[in-house]
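Residue numbering restarts at 1 for every chain, and letters A, B, ... go by the order of the sequence lines. Not measured: the values here are computed from a predicted model.
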Protein chains: 2
Amino acid sequence: MNRSAPGGPPRYHHGDLRRALLTAARALLEERGPAALGLREIARRVGVSAPAAYHHFENLDAIAVALAEEGHAEMAERLDAALAAGAGLLAPMGEAYVAFARANPGLYRLMYGEGFHAASAGSEAVAALRRRTWATLTAGLAARVPAEAVPAAALFLWSLTHGLALLMIDGQTDAADPEAAIRAVLRLAGTGLAKPG
Amino acid sequence: MNRSAPGGPPRYHHGDLRRALLTAARALLEERGPAALGLREIARRVGVSAPAAYHHFENLDAIAVALAEEGHAEMAERLDAALAAGAGLLAPMGEAYVAFARANPGLYRLMYGEGFHAASAGSEAVAALRRRTWATLTAGLAARVPAEAVPAAALFLWSLTHGLALLMIDGQTDAADPEAAIRAVLRLAGTGLAKPG
DNA sequence: TGTACATCAGTGAACGCGCGTTCACTGATGTAC
DNA sequence: TGTACATCAGTGAACGCGCGTTCACTGATGTAC
């Protein structure tokens with residue numbers, strides 16, 4: 001343990017620079033979006049020279065990929081917890097999905113490739129985590145719809161939550177009560193927009 | 001009319017440089033995405049010096065805004081046509097929406113703010129066109145659901161098509177037959193994911 | 001317990017790059033007389 | 001019909017900027033003996 005004592009003078013060796021870089025990168029991502037994710041700015045925030053980052057990451061892309069992996073892992077956890085709360089219920093899974101995106105808008109965008117294509121397509125770990133998310137989604141739906149209908153239902157639910165999350169993140173909706181709007185939309189996922197009569 | 005004859009030698013005065021810049025910008029957008037939209041590259045493609053663009057646009061942001069306006073106008077047209085094809089039918093409107101995004105993925109992303117925040121938030125013309133799109137959507141739904149349910153239904157349908165469009169654009173779905181997948185998802189918008197029994 | 005030394009994790013300076021934009025200019029156009 | 005001239009729409013050179021990355025280096029750490 002050679003980390004600086006909190007409040008103490010900075011030491012030459014940071015102790016856990018990798019972690020510190022990722023934390024600063026996430027903050028930057030949330031403050032200014034994926035397009036502003038830059039190696040020099042990340043290093044600046046940690047209080048370290050830019051080249052120091054190269055002892056922990058191959059390049060800037062690698063930082064983006066690590067962030068995307070982190071994000072997918074956290075989201076998979078949340079969805080697993082929601083599934084445990086009630087397989088076959090749309091509200092818990094849908095709300096968990098949208099809530100994650102709303103709590104981490106910059107990260108969520110990065111996870112879907114904005115700014116860094118490598119972050120959504122270049123990593124086997126990301127691909128594996130996405131498969132896990134997909135499996136959670138289908139497991140939840142298997143309790144509700146016939147087996148042959150599960151793939152379409154999963155794409156339906158994913159599209160709905162993905163789109164809703166992005167619209168809310170972007171401030172495209174002017175809903176006075178966003179949580180209520182989210183619940184209303186998810187309720188429609190269950191009933192559909194049935195024709196009258 | 002002082003435009004160069006097709007195939008003829010380029011003239012000093014272009015004739016319709018503004019239009020040519022926008023056309024080149026759209027091509028660039030589709031080839032390399034919003035992040036790669038650059039003034040110098042646009043000018044290069046038209047075969048003109050970069051400063052020439054400043055006679056037609058205040059700056060790069062203004063080009064992005066003009067593209068976003070163009071995109072929203074085209075999309076509004078398509079949705080109006082779909083509404084005419086059958087108010088209250090989800091398939092025509094949903095398919096038109098997703099088809100537009102799939103045909104113009106780079107433009108669609110720009111319209112929702114990727115790369116240039118100004119393109120989705122900085123223009124009154126964009127805001128007006130978006131309101132028009134929203135009005136078309138709600139008009140289509142008013143024929144199908146009770147008046148008090150229209151706002152939630154519209155957000156539902158918008159979220160679904162927006163999310164589906166982006167997932168397809170990003171190649172996140174591995175559907176063998178994308179059109180069939182789109183139809184299946186839109187069918188579920190009508191019926192919902194009803195609980196068994 | 002002390003010391004030599006390999007290894008690890010930082011540093012500052014510098015590289016080349018491409019960008020958006022500004023500047024002073026020149027060539028082309030169209031209009032008034 | 002011809003000519004002077006204002007205006008418009010281009011040009012090339014240059015600006016400053018911030019970026020990702022490389023380099024040769026130095027300070028700190030930990031391990032073998």
Trainee: Are any side-chain N or O atoms of Arg26(B) and backbone N or O atoms of Gly71(B), one a donor and one an acceptor, separated by less than 3.5 Å?
Mentor: no

Trainee: Give the stems involving DNA chain C, where a stem is 3 or more consecutive Watson-Crick or G-U wobble pairs (i with j, i+1 with j-1, and so on) under 3.5 Å.
Mentor: C:2-33 with D:2-33

Trainee: Taking only residues two or more places apart in sequence, or in another chain, which ones meet His162(B) in a ring pair (Phe, Tyr, Trp, His ring centres under 6.0 Å)?
Mentor: Tyr108(B), Tyr112(B)

Trainee: Give a yes/no on whether any side-chain N or O of His56(B) is located under 4.0 angstrom from OP1 or OP2 of dG10(D).
Mentor: yes

Trainee: Quick test of your reading: applying salt bridge (charged side-chain N to carboxylate O under 4.0 Å, His left out), list the pairs with at least one residue in residues 145-163 of chain B, sequence neighbours left out, ordered by first then second residue.
Mentor: none

Trainee: Can you tell me which nucleotide in dT11(C), dG12(D), dG27(D) comes closest to the side chain of Ala52(A)?
Mentor: dT11(C)

Trainee: Of the options Leu67(B), Ile42(B), Asn104(B), which is the one that meets Leu29(B) in a side-chain contact (heavy atoms from CB on, under 4.5 Å)?
Mentor: Leu67(B)

Trainee: How far apart are the closest heavy atoms of Pro34(B) and Gly106(B), and which atoms are they?
Mentor: CG-O, 3.9 Å

Trainee: Using modelled atom types only, decide if a donor and an acceptor are shared between the side chain of His13(B) and the backbone of Gly15(B) within a distance under 3.5 Å.
Mentor: no

Trainee: Along nucleotides 17-23 of chain D, 5' to 3', which nucleotides get a B, which get an S, and which get a -, given that the test is a protein heavy-atom distance under 4.0 Å?
Mentor: --BBBBB

Trainee: Considering only residues two or more places apart or on different chains, which pairs with a residue in residues 75-95 of chain A satisfy side-chain hydrogen bond (donor to acceptor under 3.5 Å, both in side chains)?
Mentor: Asp80(A)-Arg132(A), Asp80(A)-Thr136(A)

Trainee: Taking distance alone, no hydrogens or angles, what donor-acceptor pairs closer than 3.5 Å link side-chain atoms of residues 49-58 of chain A to residues at least two apart or in another chain?
Mentor:
none

Trainee: To the nearest angstrom, how far is His55(B) atom NE2 from dA9(D) atom P?
Mentor: 8 Å

Trainee: What's the closest nucleotide to the His13(A) side chain, out of dT11(C), dA9(D), dA28(D)?
Mentor: dA28(D)

